Amino acid sequence: MSIPQIDVAYTAVATAENGRDGRVATDDGKLDVVVNPPKEMGGSGAGTNPEQLFAAGYSACFQGALGVVARAAKADIKGSTVTAQVGIGKTEAGGFGLEVELITSIPNVDRATAEELVAKAHEVCPYSNATRGNIKVTLTVA
């Protein structure tokens with residue numbers, strides 16, 4: 001399987017120090033956070049963690065993709081939300097893996113339309129395209 005070529009419009013740059021128990025900052029200074037493992041994984045839980053950062057990015061990106069498909073469908077998604085729940089745990093092979101549930105609420109459309117918009121957003125979203133076939137992603141319409 002080959003990796004599709006893209007026309008890169010923007011490149012984000014972030015640097016981590018000391019891995020999961022340190023600091024992550026972007027080159028433009030807009031994000032500079034302390035990262036610590038969550039208490040559930042034996043850490044202090046004092047800072048944020050990579051899973052929270054991934055959940056924030058995925059939910060924002062998916063909401064953007066939802067906007068793209070909603071405009072094309074002339075659907076009203078005002079007041080909609082996307083919540084990403086990112087789980088981390090040990091894999092059967094002994095490493096660690098992720099799974100995601102995207103919970104989408106679109107109050108101004110019927111359930112069938114919401115499900116169709118969410119499915120289309122999943123095809124458009126760069127995070128969905130990056131994770132497809134690599135981790136379990138569950139789409140839930142609330």
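For clarity, every value in this text was computed on a predicted model and none was experimentally measured. Positions are given from 1 along the sequence.
The closest donor-acceptor contact from the side chain of T91 to the backbone of G97 lies at 3.5 Å or more, if one exists at all. Side-chain atoms of R132 come within 3.5 Å of backbone atoms of H122 as a donor-acceptor pair (strictly under, hydrogens ignored). Judged by distance alone, the side chain of N108 and the main-chain N or O of K78 form a donor-acceptor pair under 3.5 Å. Looking only at distances, no side-chain donor or acceptor of E123 sits under 3.5 Å from a matching main-chain atom of K120. With D32 contributing its side chain and A25 its backbone, the two residues share no donor-acceptor pair below 3.5 Å. Using a distance-only test at 3.5 Å, with no hydrogens or angles considered, a donor-acceptor pair links the side chain of N49 to the main chain of Q52.
V34 shares a hydrophobic cluster with no other residue; no ILVMFWY side chain has heavy atoms under 4.5 Å from its own.
Under the side-chain contact (heavy atoms from CB on, under 4.5 Å) criterion, A130 pairs with no residue, sequence neighbours left out. Scored by the side-chain contact (heavy atoms from CB on, under 4.5 Å) test, T131 finds F54, Y58, I135, V137 as partners (sequence neighbours excluded).
D21 places a side-chain heavy atom less than 4.5 Å from the side chain of P37. Between V118 and I106 the shortest side-chain heavy-atom distance falls below 4.5 Å. Looking only at side-chain heavy atoms (C-beta outward), L66 and Q63 come within less than 4.5 Å of each other. Looking at I88 and M41, their side chains come closer than 4.5 Å, going by heavy atoms from C-beta outward.
When hydrophobic clusters are built by joining Ile, Leu, Val, Met, Phe, Trp and Tyr residues whose side-chain heavy atoms come closer than 4.5 Å, directly or via intermediates, I103 is not grouped with V69. A continuous path of Ile, Leu, Val, Met, Phe, Trp and Tyr side chains, each step under 4.5 Å between heavy atoms, connects Y127 with L117, placing both in one hydrophobic cluster. Linking ILVMFWY residues whenever their side-chain heavy atoms come closer than 4.5 Å, directly or via other members, leaves L53 and V100 in distinct clusters.
Of the residues listed (S105, C61, C125, S59), the one engaging V82 in a side-chain contact (heavy atoms from CB on, under 4.5 Å) is S59, and it is the only one.
Nearest heavy-atom pair across R23 and V35 is N-CG2, 3.8 Å. Looking at every heavy atom in both residues, R20 comes nearest to P50 through NH1-CD, 3.6 Å. In plain terms, the two heavy atoms of G47 and N36 that are nearest each other are N-OD1, 2.8 Å.
Distance check: I77 CD1 to R71 CZ gives 7.0 Å after rounding to the nearest 0.5 Å.
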